[in-house]
Structure formats: C-alpha cells, structure tokens
Amino acid sequence: MIPKTLEWLGGKLRIVDQRALPDKLVFWDCESCSEAAEAIRTLAVRGAPAIGIAAAYGVLLGAKRDRGAVKDAIAELASTRPTAVNLFWALERMRETAERFADLPDRDFIAALEREARTIHEEDVRNNRKIGEFGQSFLPERGAVITHCNAGAMATGGHGTALGILRSAREHGKEMKVYADETRPLLQGARITAWELAEDGFDVTLICDSMAGALMRDRAINAVIVGADRIAANGDTANKIGTYSLAVLAAHHHVPFYAAAPYSTIDPKTPSGADIPIEERDPDEIRELPAGRRAPQNISVWNPAFDVTPAWLITGIVTERGIKKAPYNF
Ligand code: MRU
C-alpha cells in the first residue's frame, strides 16, 4: 500500500520523507514554513506537483505562526528549487488568497489559507485521474513502457501523472509491464518508482539509465512516459536529467514519447526550453551514491553488461591499420 505523500494532519504538514525510501517508511511532520522549505530543498518531498502542494501548506504553516510573515514565507519557499514551476504557481495562489482575505480576523484568515492549500492538493489528485484516463487510451491491452525518475503518487497529491496513466490503464484491465530507469544521480527511479509500483503490484523491472537504448531495440516497447517539471509555451519540456537522452533514443527507435503533466506545470510566460531555469545541485550527489538500499530487495532487474552499436551509427573505426569506414571489409 502506498502511503499518502502529503497530508495536512493536526495542524502540521505530514510528508513521507522520500530520502529514506525504499529502506524505511519515515514520516516527517513539518511544523513551520522553514521545515517545509527544508523538506523541499532536500528532496524529502519532491516531484513538481508535490513540491507545489508542500509549498502551499508551507505558507499556511508560516501564517499560523505569524500572519504578518506570509510574504517572507513565500520568499523562503520560492528559493528552494528553481525548475518545477508548480512551486511558483502554488505560491502565487497562496499570495492571492492572503491578499483577498487580508481584512479577515486571524482565525478566518488562516481558515481561508487552509482551504486554498487543501484545494490545490485535491485539484491535483483530480487532475491526475483525468491525465490517467486520457493517457491510458493510447496504451494497448498488453504491452510495455519505459519511465524515468518518479512521476507517480509520491511525486503528486496522489495517483501520479506518468504512473497515473499506468494505474488508470490497469483500472481498464490493461496489463502494462513497466521498465523503470534507475535515474542517476539520486535514483528516484530505483528508490521510489520501483518501490511504488512493486507495492501496488505492477510488473516492474529496474534498469540502469544506460540500458534504455538496448531495451528499446531488443524488446517491444509501446511508449516512453515521463512527467514534467516545467513546460514552456512552445512545448519544450524540462524533466529529470536523462529525459532528453531517453527522448532521442525513443525517436531513433520510433517509440512514442509522452510527457504527462497538469496545467500547473505549463508555464506560458516561459517562451521556450532555453528560458527554463535548470537547477544545479551539490556535486557530491554524483561523487557519492545514496546511502542504504538503492532499490527494493526483490525487485526484478534487467542487467545486460554490454550493448551493440550498429555500424551505421559509427563514423569510423580507428585501428592500427588506419580508420576504417563502412562498408567494412575487415
Ligand atoms: O528532482 P525531482 O525528484 O523532484 O524530479 C522529479 C521529476 O523529474 C518528475 O518527473 C517531475 O517533477 C514530474 S512529477 C509528476
């Protein structure tokens, strides 16, 4: 069973601390705006829609402590992660709500902010279900997909975007095998997607990111489905590093490539992908591997050690007898 990714409980924001997955299920009850900001910054809560929801509750936590500090709370939360536009979208909704109800007494003012944060949360789950319904229609009765990072229940208010499509497909009786990229450097695919799908009884197989090309060539893949952190006005889409490589591979192998995201991820003010701010993180995230188990214990794995690059993709083979070019005549 997948726990609730986020929950407003007893006046606190309860999140699943995703840094501990899949080893342990740890909950973090954030009691202040700064704690919510810390949870977002450290990827305890992650995934564009979940970041937006956590930020909305973060503003509420800030206002509960000091209703005069809403502006500061918004600024603190806005500084956590730059790419997922859902963060700024949710903060703007909370700012507008605070402004609209500024004249209300404390209790009613806080109640209005709580209503807005809950609405943002509930809308996201409803939108994911709609995305799931639309998305499942392009999947066959039986097949296989590749996904990258985690765009599932753990990255959203629930159900998920990319993984929501798979959940909806299953509700329609479809049987989809899922290949999950491990997603270096922080292994959201191995630690979170593989765990989330296995917990929900999906047929999921874990691969290293570098295996996706060989997989597309050697096995029947019906689609690549990923989430998004920000979609520019022209459709350029930012998502977890490695998504672009996967899209190139999909185009090469004539595999349909879909990004699944709610409108809160679309940023009409950003004209193209070149204008999307791309977060750069701590170099140690690459120098070191995350501690603890990096995937669920008994998860199915495809682990070929080598793959074959066809001659037509090779410009030349440099040998001690010179550079050989196709057609080869060794
Ligand atoms: O760094 P993360 O784990 O927050 O990155 C998450 C992703 O790239 C997701 O695919 C994206 O936010 C969509 S979540 C529905």
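These numbers come from the heavy atoms of this one structure, side chains and all, not from hydrogens, waters or symmetry mates. Every number for a ligand or one of its atoms is a count from 1 in the order of the listing.
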Hey, is Glu7 close enough to Arg14 for a salt bridge, meaning N to O under 4.0 Å?
-> no
re atom 5 (O) of ligand 1, the protein heavy-atom contact at minimum distance is Lys240 CE, 3.3 Å
For Gln188, the ligand 1 atoms with a heavy-atom partner under 4.0 Å come out as 1 (O), 2 (P), 3 (O)
So, Glu196 side chain and Ala153 main chain: donor-acceptor pair closer than 3.5 Å or not? yes
Under 3.5 Å: N/O of Arg46 near N/O of ligand 1: yes
- prompt: Does Thr156 reach ligand 1 with a nitrogen or oxygen that is under 3.5 Å from one of the ligand's nitrogen or oxygen atoms?
  reply: no
**Asked** Does Ala151 reach ligand 1 with a nitrogen or oxygen that is under 3.5 Å from one of the ligand's nitrogen or oxygen atoms?
**Response** no
Check contact between Asn150 and ligand 1, using heavy atoms of the residue and a distance below 4.0 angstrom. yes
**Asked** Hey, is the main chain of Val85 close enough, under 3.5 Å, to the side chain of Asp267 for a donor-acceptor pair?
**Response** no
- Query: Quick one: does Pro49 get within less than 4.0 Å of ligand 1, heavy atoms only?
  - Reply: yes
- Query: So is Arg81 in contact with ligand 1, going by heavy-atom distances below 4.0 Å?
  - Reply: yes
Report task. Taking atom types as modelled, find out whether Arg46 and Gln188 have a side-chain donor-acceptor pair closer than 3.5 angstrom. Result -> no
Is it true that a side-chain atom of Thr205 and a backbone atom of Val301 form a donor plus acceptor pair closer than 3.5 Å? no
Given the rule in the side chain to side chain contact (heavy atoms under 4.5 Å, CB included) test, do Leu313 and His252 qualify, once you have shown the distances and angles that lead to the verdict? CA-CA 11 Å; Leu313 278 175; His252 178 76; 4.1 Å; yes
Short side-chain to backbone donor-acceptor contact, Asp181 and Asp209, under 3.5 Å = no
Nearest non-hydrogen protein atom to atom 15 (C) of ligand 1, with distance, is Thr161 OG1, 3.2 Å
Original post:
Any N or O on Gly47 sitting closer than 3.5 Å to an N or O of ligand 1?
Top reply: yes
- Could you tell me whether ligand 1 has any atom less than 4.0 Å away from a heavy atom of Asp229? yes
Closest to atom 10 (O) of ligand 1 among protein heavy atoms sits Asn239 OD1, 2.6 Å
Residue, atom and distance of the protein heavy atom nearest atom 12 (O) of ligand 1 read Ala48 N, 2.8 Å
Checking heavy-atom distances from atom 13 (C) of ligand 1 to each of Ala228, Ala155, Gly242, the winner is Ala228
Checklist entry - Using the ring of each side chain (for Trp, its six-membered ring), is His121 parallel, tilted or perpendicular to Tyr57, with breaks at 30° and 60°? => result perpendicular
**OP:** On the 0 to 90° scale, with breaks at 30° and 60°, tag the Tyr179-Trp302 ring pair as parallel, tilted or perpendicular.
**Re:** perpendicular
